[in-house]
Amino acid sequence: MAIITLTTDFGEKDHFVGATKGAIYSELADLKIVDISHSISPFNIPEAAYIIQNAYNSFPKGSIHIIGVDSELNPENKHIAIKLDDHYFICANNGIMSMLCSEITPEKIVEINIHDRIETSFPVLDVFVKVACHIARGGTLDVIGKAIETIKPIKNLVPYVNEDRTQIIGSVIYIDNYGNVVTNIKKHFFENVQKGREFEVSARNYKFKTIHSKYSDIVNFDIPDEKRHDEGRGLVVFNSGGFLEIAVYKSNPTTVGSASTLMGLNLMDTVSVNFTAVQMAPKGRETISSYND
Amino acid sequence: MAIITLTTDFGEKDHFVGATKGAIYSELADLKIVDISHSISPFNIPEAAYIIQNAYNSFPKGSIHIIGVDSELNPENKHIAIKLDDHYFICANNGIMSMLCSEITPEKIVEINIHDRIETSFPVLDVFVKVACHIARGGTLDVIGKAIETIKPIKNLVPYVNEDRTQIIGSVIYIDNYGNVVTNIKKHFFENVQKGREFEVSARNYKFKTIHSKYSDIVNFDIPDEKRHDEGRGLVVFNSGGFLEIAVYKSNPTTVGSASTLMGLNLMDTVSVNFTAVQMAPKGRETISSYND
Amino acid sequence: MAIITLTTDFGEKDHFVGATKGAIYSELADLKIVDISHSISPFNIPEAAYIIQNAYNSFPKGSIHIIGVDSELNPENKHIAIKLDDHYFICANNGIMSMLCSEITPEKIVEINIHDRIETSFPVLDVFVKVACHIARGGTLDVIGKAIETIKPIKNLVPYVNEDRTQIIGSVIYIDNYGNVVTNIKKHFFENVQKGREFEVSARNYKFKTIHSKYSDIVNFDIPDEKRHDEGRGLVVFNSGGFLEIAVYKSNPTTVGSASTLMGLNLMDTVSVNFTAVQMAPKGRETISSYND
């Protein structure tokens with residue numbers, strides 16, 4: 001049974017999500033529709049890019065992902081469909097897919113040309129649903145568009161490395177439900193530059209010398225509970241998506257505070273990593289390992 | 001396979017939505033449940049009316065729509081089920097369905113009388129689910145209630161037209177996720193009064209002489225990107241539901257602002273349209289068309 | 001067809017919920033996934049406990065409930081699976097299930113030991129999904145863990161009764177979407193102490209002498225609508241889950257106010273019930289009945 005996922009900035013209140021699902025079921029009764037998120041900030045391309053990249057590959061091969069963010073058709077914002085990693089993505093050519101396409105080469109990209117002469121202010125309903133159902137029925141991308149080679153990039157998505165490779169300068173691309181601050185520095189990128197050296201992560205005036213693999217790694221369970229003061233402490237992890245993330249243990253943005261609120265870190269802020277000149281060990285994993293704060 | 005949709009003011013956090021879905025699946029395993037919205041403002045009838053009207057007809061004929069807003073049974077708030085446009089609606093007789101019923105004549109309205117002696121503070125779970133599953137199994141409305149002829153109206157839902165038909169006085173009935181301001185002036189109503197004349201839409205001290213068919217119509221794509229200043233500009237469209245809407249291009253209520261926040265327009269505020277005395281052309285469509293700002 | 005429900009503090013925006021659903025469908029195509037709530041306050045155990053207790057038993061027997069709140073595995077936070085009331089629950093052993101287990105004796109509790117050597121910051125995806133799909137396929141709890149006898153309690157969950165049984169001291173455990181204030185005093189607990197006596201519910205300086213069975217019970221429908229002033233009035237009900245709740249008629253936290261905002265009642269605040277010394281009638285139901293304010 002085909003799966004169609006939805007990632008939009010429609011919000012939870014308006015009728016747009018319900019209407020889109022109704023239109024899908026009106027075309028095809030026998031499929032599953034799964035919400036990934038409808039709370040992307042309006043017109044926020046990097047947020048949408050981050051979320052679809054982290055969600056899509058939990059789904060079975062062959063899944064069809066509709067991304068409805070900044071999708072109104074105009075001369076500079078064409079509609080595209082992409083086959084990549086055996087998944088299908090339908091969105092506007094506005095940069096949303098550039099992060100994922102820079103990591104995995106798409107098998108096929110087409111610019112959708114089924115619009116005929118439809119002028120619409122609701123292209124997800126009027127165009128993306130038709131394309132998704134066409135694919136769900138087993139149709140090919142060639143039927144609904146003409147092949148293109150490249151898509152629009154997003155600026156500033158890749159972190160900067162200085163010439164002598166002693167520094168990575170990244171930036172905050174997402175703040176999650178716990179107020180944790182996600183940067184654009186991915187684990188394999190970090191390790192390629194690190195090459196086993198010691199390092200210091202800096203965000204505003206906060207410094208970290210260890211990157212953990214899970215949040216409770218900072219807790220010393222050998223000392224009694226009442227003598228610990230870990231809740232509210234900052235730490236750095238590679239999160240489940242592989243992104244370097246500045247977190248606060250058991251944070252809650254509306255009560256005890258979070259990495260974003262406590263450290264004053266917002267979208268687009270700079271997070272840098274400085275490496276020592278000397279290489280330490282043949283394998284850098286030690287430094288990133290857990291339990292050695 | 002039957003489809004039951006849910007439109008409520010239950011919110012996203014409480015257990016009410018989950019419990020309702022569990023109760024439906026406990027009665028009938030083989031159907032689809034689709035959320036339209038659970039973020040209607042508590043007890044807000046006009047919002048619920050606007051959302052169900054815009055969502056329902058994307059769904060297949062035969063779909064069953066539960067509307068759980070202000071639905072506690074009492075002597076002045078009876079439960080009803082309506083068949084209209086080959087869709088079924090289950091709700092309280094509190095005005096929610098009056099907007100839709102004024103446009104499309106219902107095939108049947110019944111006042112639900114299966115309550116027996118149940119006193120319940122959760123009628124969606126205890127009554128509406130039973131009625132919906134009865135219909136989903138192919139049952140008729142006659143079995144669950146007695147036919148009635150009319151339902152309760154909502155006040156001030158239809159815009160006012162002055163005697164010499166030179167002015168429409170409408171009001172704001174909904175503010176959407178992008179902060180766009182939706183009025184109760186529908187396209188066919190507008191065109192019936194306009195009859196080809198020039199017009200001016202007024203909201204507070206903002207004036208508009210064109211109504212667009214999509215948001216990016218205000219952008220001149222012939223001039224270079226860096227010389228454009230369209231983001232944040234106001235415009236008027238007939239939205240995808242056919243309602244006159246005052247919008248801001250690429251708005252975001254929490255960052256750059258929106259029509260609601262930038263122009264100070266709130267629910268129930270007045271939006272008027274003034275027409276010139278002279279008729280212009282045999283067909284008014286020119287004035288409402290796109291690309292002619 | 002199996003049903004898996006999800007109750008988490010993941011929020012509505014992040015990719016966590018979508019990724020979890022994708023992982024379930026990747027293991028098993030033929031089941032239903034139902035969201036109970038993803039808006040539990042981060043790491044809030046009592047909220048999660050209240051919501052799962054009120055939602056689970058609307059679902060068919062055999063349903064599988066994943067609860068993803070404070071679920072990172074560590075030496076003091078093991079993962080458990082529980083069979084209770086013919087439902088399955090998968091969560092961390094952090095107190096979430098203690099409210100329910102104190103009312104209904106579990107048939108089986110196991111401490112999950114399929115982790116192998118997985119270190120993960122996303123245990124719902126990496127562990128709970130696997131356990132849920134194992135159960136959905138008809139697998140037993142013995143295969144995925146070793147039986148244990150007891151689980152961790154939550155403190156202060158049960159209200160206090162004084163020695164001469166003239167007073168119950170409870171506390172606020174949940175504030176719902178309407179701003180209604182839910183206490184930990186359940187109806188059967190209340191009636192066991194009351195034994196037919198008159199009573200007074202006190203919250204801050206507000207007093208109530210009646211408990212209703214539904215919200216509109218406070219309205220006198222015999223007097224004309226325009227002479228009533230019921231909206232915004234406080235009242236006490238046993239809510240649909242059987243908990244004593246302080247409510248405001250037709251409340252809306254963001255406009256007219258709610259029990260929480262108008263009476264200044266917050267989570268953990270005290271709500272007490274004082275009983276008169278003298279017993280009144282053999283059956284206390286009269287005092288709790290409706291329409292007798």
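Quick note: numbers below take in every heavy atom, side chains included, and nothing from hydrogens, waters or symmetry partners. By convention in this document, chain letters (A, B, ...) are assigned in the order of the sequence lines, proteins followed by strands, and residues within each chain are numbered from 1.
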Which region of B:I52, side chain (C-beta onward) or backbone (N, CA, C, O), has a non-hydrogen atom less than 4.5 Å from a non-hydrogen atom of chain A, or is it both or neither?
neither

From the list B:M1, B:R228, B:K61, the residue making the most non-hydrogen contacts under 4.5 Å with chain A is B:R228

Heavy atoms, side chains only, cut-off 4.5 Å: are A:K13 and B:H38 in contact?
no

Euclidean distance, B:T255 OG1 relative to A:N44 CG, rounded to 0.5 Å:
8.5 Å

Out of B:D176, B:T254, B:I36, which one racks up the most heavy-atom pairs below 4.5 Å with chain A?
B:D176

What distance separates B:H212 NE2 from A:S121 OG, expressed to the nearest 0.5 Å?
12.5 Å

Compare all side-chain heavy atoms of A:F43 with those of B:E231 and state whether any distance is below 4.5 angstrom.
no

Pair B:Y174, A:D14: side-chain N/O donor-acceptor within cut-off below 3.5 Å
yes

Nearest-0.5 Å distance, CG of residue A:N77 to CZ of residue B:F221:
8.0 Å

So which residue, B:N57, B:I51, B:V256, B:N54, ends up with the most heavy-atom pairs under 4.5 Å with chain A?
B:N54

Report yes if some heavy atom in the side chain of A:I33 is under 4.5 Å from a heavy atom in the side chain of B:K32; otherwise report no.
no

If we count only N and O atoms by modelled type, under 3.5 Å, do the side chains of A:E12 and B:S39 hold a donor and an acceptor together?
no

Beyond-backbone contact of A:D9 with B:Y178, side-chain heavy atoms, under 4.5 angstrom:
yes

Salt bridge (Lys or Arg N to Asp or Glu O under 4.0 Å), that's the test. Do B:K250 and A:D70 meet it? Break it down for me.
CA-CA 8 Å; B:K250 294 212 175 177; A:D70 186 24; 3.2 Å; yes

I need the A:Y25 OH to B:I3 CD1 distance, nearest 0.5 Å.
7.0 Å

Name the region of B:Q53, side chain, backbone, both or neither, that has any atom closer than 4.5 Å to a heavy atom of chain A.
neither

To the closest 0.5 Å, what do you measure between OG (B:S240) and CG (A:L125)?
7.5 Å

Atom group of A:F16 that falls short of 4.5 Å from chain B, counting heavy atoms:
side chain

Taking atom CZ of A:F122 and atom OG of B:S58, what is their separation to the nearest 0.5 Å?
7.0 Å

